[in-house]
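Only a predicted model underlies this, so the values are computations on that prediction, with no experimental measurement involved. These numbers come from the heavy atoms of this one structure, side chains and all, not from hydrogens, waters or symmetry mates. Along the sequence shown, the residues carry numbers beginning at 1. In listed order, ligands and their atoms are each counted from 1.
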Amino acid sequence: MTTSRPRSEFDSAYAEGSTPPWDIGEPQPAIVQLERTGQISGRVLDAGCGTGEHAIYLAQRGYDALGIDFAPRAIALADQKAAARNAPAQFAVADALELTGPPRFDTVVDCGLFHVFGAQDQAKYVANLHAVCRPGALVHVLALSNRGPGIGPAMSDEPLREAFIEGWRLRVQESTLRVLVPPDTDPAWGLTPNQPADIPAWLATAEHVG
Ligand SMILES: C[S@@+](CC[C@H](N)C(=O)[O-])C[C@H]1O[C@@H](n2cnc3c(N)ncnc32)[C@H](O)[C@@H]1O
């Protein structure tokens with residue numbers, strides 16, 4: 001993808017009566033697995049949190065979790081969900097491309113944010129993450145892979161390898177991202193429209209190495 005998608009497009013996706021394909025009502029299995037295997041710690045930023053499933057999941061497990069998203073409707077829904085589930089997650093409307101401030105996060109989870117950015121914004125975003133992460137922090141990025149059925153902004157692993165260079169130690173693995181299958185998905189993939197399916201994704205883990 002060469003240009004990033006505008007805020008209004010995402011905000012409309014969260015309008016009443018519509019459920020975007022990524023909003024599956026539960027945390028991504030890949031993030032659950034990261035938590036179970038000890039790869040989440042301390043103060044956590046959920047970047048591009050949408051309606052907050054990951055920040056809520058992690059706050060319920062004792063992490064100090066903040067979710068940010070630039071779509072006000074997403075944050076309103078996240079706040080409602082956290083209140084309904086009695087989860088101590090914090091949420092704020094904020095642009096991940098404007099993140100500043102002292103190094104304060106030990107973990108970042110990004111499910112589907114990096115892959116919506118164009119190349120320039122990917123570089124800016126990663127520089128911002130470097131500034132707000134403490135040395136040793138882990139940034140986990142789950143991004144749609146171009147080996148999948150063409151749902152959403154799928155990509156090769158190259159943009160990840162090009163963005164996380166100086167100041168990071170990067171590992172990229174094949175993984176999956178659970179989505180609600182859009183009705184216009186190529187039937188050759190044998191996926192059932194409007195049902196959840198696990199489709200190919202990249203799981204990148206970048207360690208802040210100073
Ligand atoms: C594919 S959705 C994923 C949402 C959520 N992480 C999830 O797993 O359900 C991408 C999210 O990133 C948000 N987003 C896009 N650009 C952003 C930016 N510059 N700053 C903050 N959030 C952004 C969108 O509003 C949207 O909620």
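Atoms of ligand 1 found under 4.0 Å from any heavy atom of Y14, numbered from 1 in the order shown, are 4 (C), 26 (C), 27 (O). If you number the atoms of ligand 1 from 1 as listed, the ones under 4.0 Å from a heavy atom of L113 come out as 12 (O), 14 (N), 15 (C), 16 (N), 17 (C), 23 (C). Atoms of ligand 1 found under 4.0 Å from any heavy atom of F10 (numbered from 1 in listed order, with element): 15 (C), 24 (C), 25 (O), 26 (C). Heavy-atom contacts of A94 reach the following atoms of ligand 1: 20 (N), 21 (C) (cutoff under 4.0 Å). Counting the atoms of ligand 1 from 1 in the order shown, those under 4.0 Å from a heavy atom of D95 are 18 (C), 19 (N), 20 (N). Which parts of ligand 1 touch A71 is read off a 4.0 Å heavy-atom cut-off, strictly below it: atoms 25 (O).
Taking a 4.0 Å cut-off on heavy atoms, I68 fails to register as neighbouring ligand 1. Taking 4.0 Å as the cut-off, D23 does not count as a neighbour of ligand 1 on heavy-atom distance. Within the structure, the closest approach of Y125 to ligand 1 does not fall below 4.0 Å when heavy atoms are considered. At least one heavy atom of H54 lies less than 4.0 angstrom from ligand 1. Using a 4.0 angstrom heavy-atom cutoff, P20 does not count as in contact with ligand 1.
Only the backbone of C49 comes within 4.0 Å of ligand 1, judged by heavy-atom distances.
For the residue pair Y57 and E26, no side-chain donor N or O sits within less than 3.5 Å of a side-chain acceptor on the partner.
Backbone and side-chain nitrogen or oxygen atoms of H115 are examined, and none is located within less than 3.5 angstrom of a nitrogen or oxygen of ligand 1.
Of the protein's heavy atoms, G48 O, 3.3 Å lies nearest to atom 5 (C) of ligand 1. Given atom 13 (C) of ligand 1, the protein heavy atom at minimum distance is D69 OD2, 3.3 Å. Nearest protein heavy-atom neighbour of atom 10 (C) of ligand 1: G112 O, 3.5 Å. For atom 9 (O) of ligand 1, the nearest protein heavy atom (residue, atom name, distance) is W22 CD1, 3.4 Å. The protein atom (non-hydrogen) at minimum distance from atom 16 (N) of ligand 1 is F70 CZ, 3.1 Å. In this structure, atom 20 (N) of ligand 1 lies nearest to the protein heavy atom A96 N, 2.8 Å. In terms of protein heavy-atom proximity, atom 3 (C) of ligand 1 is nearest to C111 O, 3.3 Å.
Looking only at distances, a side-chain donor or acceptor of T37 sits under 3.5 Å from a matching main-chain atom of Q33. Side-chain N or O atoms of W22 include none that pairs as donor or acceptor with a backbone N or O of G152 at under 3.5 Å. Between the side chain of H140 and the backbone N or O of C111, no donor-acceptor pair lies under 3.5 Å. Remark: the backbone N or O of G50 is paired with a side-chain donor or acceptor of D69 at under 3.5 angstrom. A distance-only check finds no donor-acceptor pair linking the side chain of T51 to the backbone of L77 [under 3.5 Å].
Checking each of F164, F105, W168 against H130 for a ring-ring contact (aromatic ring centres under 6.0 Å, His included) leaves exactly one that passes, namely W168. A side chain to side chain contact (heavy atoms under 4.5 Å, CB included) with Q28 is found for one member of L142, T176, L34 and no other, namely L142.
Taking the six-membered ring for Trp and thresholds of 30 and 60 degrees, Y125 and F114 have ring planes inclined between 30 and 60 degrees apart. Under the 30°/60° scheme for interplanar angles, the aromatic rings of F70 and F10 are found to be tilted.
Under the 4.5 Å side-chain heavy-atom criterion for grouping Ile, Leu, Val, Met, Phe, Trp and Tyr, I24 is not connected to I56 through any hydrophobic cluster.
Taking 4.0 Å as the cut-off between side-chain N and carboxylate O, E207 and R171 do not count as a salt-bridged pair.
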